[in-house]
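Report on one structure; see the data block that follows.
Owing to the predicted nature of the structure, the values given are computational and were not obtained by experimental measurement. We name chains A, B, ... by the order of the sequence lines, and we start the count at 1 in each one. Basis for what follows: all heavy atoms, side chains included, without hydrogens, waters or symmetry-related copies.
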Number of protein chains: 2
Amino acid sequence: MAFYKGQETYSVDSKGRVNIPAKMRRALSPEALNTFVLTRGSDRCVAAYPLDEWRRYELEYAKLNQYDEQSRFFLRTVLAWSEEVELDAQQRIIVPRKYLDFAGIDGKVVIVGMIDHIELWQPEEFDVYLGKFESSYEQVASQVMQRPNGQ
Amino acid sequence: MAFYKGQETYSVDSKGRVNIPAKMRRALSPEALNTFVLTRGSDRCVAAYPLDEWRRYELEYAKLNQYDEQSRFFLRTVLAWSEEVELDAQQRIIVPRKYLDFAGIDGKVVIVGMIDHIELWQPEEFDVYLGKFESSYEQVASQVMQRPNGQ
DNA sequence: GAAAATTGTGGGTGAAAGTGGGGAATGTTT
DNA sequence: AAACATTCCCCACTTTCACCCACAATTTTC
């Protein structure tokens, strides 16, 4: 299974094209058909799921109860913001304006690997986000992870 | 299971290449595919996990709920500072500039074995760190270790 | 103790990665 | 129908990196 990690700063040109870092590209499985699904990320960023990983989420979404108000709202938000984009010959994706606007991205973008997807952040926004909890990182870590290897 | 120990001083060339000490290399299992995962260490150093050891952490990370705010923050913090590097024909890894900068490494590096991973330190920084507890080493040891062999 | 193998260090080079732009084809607006 | 924007398919340039070779120093082998 793919596992995305790492952080790179890349440029966004006037056409909204964003290069996918080589190391992350190598983690892309053939089943993804060189296609990503863009969607709104949690927090102020754009999430890009390889097509094969996205399919797993589709299965989960299909299970939700459409008669539940909250589920309906969640589904509409996610799906209205989901769109497939394909890599061009230079291994770039075109990120439509509305996604860039949502994340406040312009000119430069930070690309972060996040396990089963990658995230696009406005550089300063990402720094602020990381710094927000910086002091309490160890605290959060110990809460989230208890003894990683079951030792 | 691999168990890294020892301390060696090596050089970092202009391309950021760092040789892995032969003794530690021999502790590297074939499953690691000659690959390390670099991360920010605890304290001011760079940690390098053999790929097979790192995979155990990945499994834990993948279990976390990305819809939980705290977990998300933890994952982004960890993963933004994680990157795979492969040994070249001369058994060296390339350590990206940002990791060298984080640890203040330039020209020379101290490589320390640390059980399941190795650590890269700026030489003076490591001396200072050891010195910090030097006087009370026996005291700290007695606190950390109670009856090592289960006696 | 000499020969051979391994280890640690440095550098050059061609391929790949990252970046940018022109101009058809398409579609939407005035 | 003209004007404009958007998308797609080329091409081109610069920088970076993966891969190769080289060699001194150290360790191992016979």
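- Annotation: side chain of B:Thr35 is not in contact with side chain of B:Leu87 (no heavy-atom distance under 4.5 Å).
- Atoms CG (A:Asn19) and P (D:dT16) sit 15 Å apart, rounded to a whole Å.
- A distance of 6.0 Å separates CG in A:Leu100 from CZ in A:Arg97, rounded to the nearest 0.5 Å.
- In this structure, B:Arg17 contributes its side chain and B:Ile94 its backbone to no donor-acceptor pair below 3.5 Å.
- Counting only heavy atoms from C-beta outward, the side chains of A:Pro50 and A:Tyr4 approach each other to under 4.5 Å.
- Distance NZ (A:Lys98) to C1' (D:dT6): 15 Å, rounded to an integer number of Å.
- One can place CD of A:Glu8 at 8 Å from P of C:dG18, the figure rounded to the nearest angstrom.
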query = Tell me, for nucleotides 17-30 of chain D in 5' to 3' order, what letter each nucleotide earns: B for a base near a protein heavy atom under 4.0 Å, S for only sugar-phosphate near one, - for neither?
reply = -BB-BB--------

request  = Could you walk me through whether A:Asn65 and A:Ser71 pass side-chain hydrogen bond (donor to acceptor under 3.5 Å, both in side chains), step by step?
outcome  = CA-CA 6 Å; A:Asn65 177 8; A:Ser71 301; over 6 Å; no

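- A sub-4.0 Å separation between OP1 or OP2 of C:dG20 and a side-chain N or O of A:Ser11 is present.
- In this structure, B:Leu87 reaches neither bases nor backbone, as no heavy-atom distance under 4.0 Å exists between it and the strands shown.
- Taking the side chain of B:Arg25 as heavy atoms from C-beta on, and the options C:dG10, C:dT9, C:dT7, the nearest nucleotide is C:dT7.
- If you take CD of A:Glu84 and P of D:dC8, they are 13 Å apart, rounded to a whole angstrom.
- If you measure from atom CZ of A:Arg97 to atom P of D:dT7, you get 8 Å, rounded to the nearest angstrom.
- C:dG21 atom P lies 8 Å from atom CG of A:Asp13, rounded to whole Å.
- Scanning both residues, B:Ala80 and B:Lys98, for their nearest heavy atoms gives O-NZ, 3.6 Å.
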